[in-house]
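Reading through the structure tokens given below for one structure.
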Amino acid sequence: AHSVRPAVVSRVPLHVTLRIARGVPNLRAGVPMRAIRRALVEGKERVGLRVVHYAVQPDHVHLIVEAEDTRALSRGVAGLSVRFARGLNRALGRRGRVMGDRYHARSLSSPREVRRAIAYVLLQARRHAAKRRVGLTTTLDPCSSAPCFDGWTRGKPREGPWTGTVVEPRTWLLAIGWRRHGIIDPAEIPGAG
């Protein structure tokens with residue numbers, strides 16, 4: 001739907017979803033995932049858009065971002081989309097469209113809303129496994145920024161291929177505010193209750 005995008009206020013983070021065009025191979029496979037990570041390393045902080053968390057699914061990407069204003073959100077997402085498209089086409093030896101028509105953005109204006117969004121994004125693989133009733137583990141998803149997140153009830157951030165793909169949050173809501181509703185248990189199933 002071509003609904004009106006939310007007004008962007010620099011102190012309010014956003015949950016952004018980018019859809020991938022049909023015919024593009026599974027983004028979570030080795031080669032596409034490496035291309036996505038390279039694009040994130042290069043584009044995580046540009047033109048007023050900052051990528052703080054992400055999760056890659058087979059046909060879409062979830063981001064939690066901070067943006068200076070509406071223009072920064074639009075330009076930043078466009079730039080990141082171009083990086084994804086060029087990187088994926090180059091890595092896969094293909095040509096053609098990679099990104100879907102539009103992206104979806106939702107403002108996260110309260111600590112509870114931010115906490116839910118972080119859990120939803122970082123525990124996407126767990127959420128999908130629960131829906132399929134298969135492979136439900138508490139292992140952090142390597143196709144996300146979950147392994148480098150410092151807000152889990154157990155475990156510490158660790159180095160890996162995800163290192164350098166995100167930036168530290170600057171907004172109060174993403175840095176501190178969400179913690180008022182409790183740090184996140186890796187065994188949670190977002191949206192289950």
Side-chain angles (χ1 to χ4, degrees), residues 13-20 24-45 49-66 77 80-81 83-84 87-88 91-92 98-100 103-106 108 112-169 174-175 178-179 181-193:
L14 298 111
H15 176 189
V16 174
T17 306
L18 301 170
R19 295 257 170 230
I20 304 302
V24 176
N26 183 341
L27 296 181
R28 292 173 64 87
V31 171
M33 193 61 224
R34 283 191 294 277
I36 293 282
R37 283 191 190 110
R38 269 192 304 277
L40 285 164
V41 167
E42 294 168 2
K44 67 186 174 194
E45 189 169 20
L49 180 82
R50 307 176 77 250
V51 179
V52 179
H53 302 294
Y54 71 89
V56 176
Q57 295 305 305
D59 63 352
H60 63 283
V61 178
H62 289 279
L63 305 168
I64 295 182
V65 302
E66 296 171 331
V77 170
L80 201 53
S81 295
R83 288 179 191 281
F84 287 162
L88 285 164
L92 296 168
V98 172
M99 304 308 293
Y103 65 91
H104 178 264
R106 183 170 163 261
L108 306 170
R112 183 180 307 279
E113 203 172 17
V114 171
R115 191 221 184 264
R116 284 184 181 150
I118 293 170
Y120 181 85
V121 169
L122 297 184
L123 295 172
Q124 269 292 298
R126 184 167 171 73
R127 182 175 181 272
H128 288 290
K131 284 167 77 175
R132 291 188 317 269
R133 299 178 193 266
V134 295
L136 196 59
T137 72
T138 57
T139 303
L140 298 177
D141 182 9
C143 294
S144 74
S145 57
C148 58
F149 177 57
D150 71 349
W152 299 116
T153 56
R154 54 184 175 254
K156 294 182 180 182
R158 64 184 204 273
E159 299 281 321
W162 45 80
T163 302
T165 55
V166 293
V167 298
E168 291 294 319
L174 266 177
W178 72 269
R179 292 174 186 263
H181 297 284
I183 58 177
I184 301 168
D185 187 337
E188 278 185 37
I189 302 172

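Numbers here simply count residues along the sequence, with the first being 1. Source: prediction; values computed, not measured.
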Taking it one step at a time, do I184 and I118 satisfy side chain to side chain contact (heavy atoms under 4.5 Å, CB included)? CA-CA 9 Å; I184 301 168; I118 293 170; 3.6 Å; yes
Mind telling me whether H62 and H15 have parallel, tilted or perpendicular rings, with 30° and 60° as the class edges? tilted
Mark yes or no for whether [X], through its side chain, and [Y], through its backbone, hold a donor-acceptor pair below 3.5 Å.
X    : Y    : value
R50  : E168 : yes
R115 : G182 : yes
W178 : A117 : no
R126 : E188 : yes

Would you give the length of the straight line joining atom [atom1] of [X] to atom [atom2] of [Y], rounded to the nearest 0.5 angstrom?
X   : Y    : atom1 : atom2 : answer
T17 : R106 : OG1   : CZ    : 10.0 Å
R37 : C143 : CZ    : SG    : 5.5 Å
L14 : H104 : CG    : NE2   : 10.5 Å
M99 : L80  : CE    : CG    : 7.5 Å
I20 : L27  : CD1   : CG    : 5.0 Å
L63 : H60  : CG    : NE2   : 10.5 Å

When you compare the side chain of [Y] with that of [X], does any pair of heavy atoms fall below 4.5 Å?
X    : Y    : value
I36  : F84  : yes
P142 : W162 : yes
L174 : H53  : yes
R154 : D185 : yes
D141 : R28  : yes
P161 : R34  : no
V51  : V166 : yes
V65  : V77  : no

* **Evaluation steps, salt bridge (Lys or Arg N to Asp or Glu O under 4.0 Å), between R179 and D150** => CA-CA 11 Å; R179 292 174 186 263; D150 71 349; 2.9 Å; yes
Closest approach of [X] to [Y] (non-hydrogen atoms, all atoms of both residues):
X    : Y    : result
L92  : P32  : CD2-CG, 3.9 Å
S145 : V52  : OG-O, 4.3 Å
Q57  : A125 : NE2-N, 4.1 Å
C148 : P157 : O-CB, 3.7 Å
P190 : L123 : CG-CB, 3.6 Å
A105 : V16  : CB-CG2, 4.2 Å

Verdict with reasoning, T165 to Y54, per side-chain hydrogen bond (donor to acceptor under 3.5 Å, both in side chains): CA-CA 9 Å; T165 55; Y54 71 89; 3.3 Å; yes
- Message: For W152 and L140: C-alpha separation, side-chain torsions, deciding distance, then whether side chain to side chain contact (heavy atoms under 4.5 Å, CB included) applies.
- Response: CA-CA 10 Å; W152 299 116; L140 298 177; 3.5 Å; yes
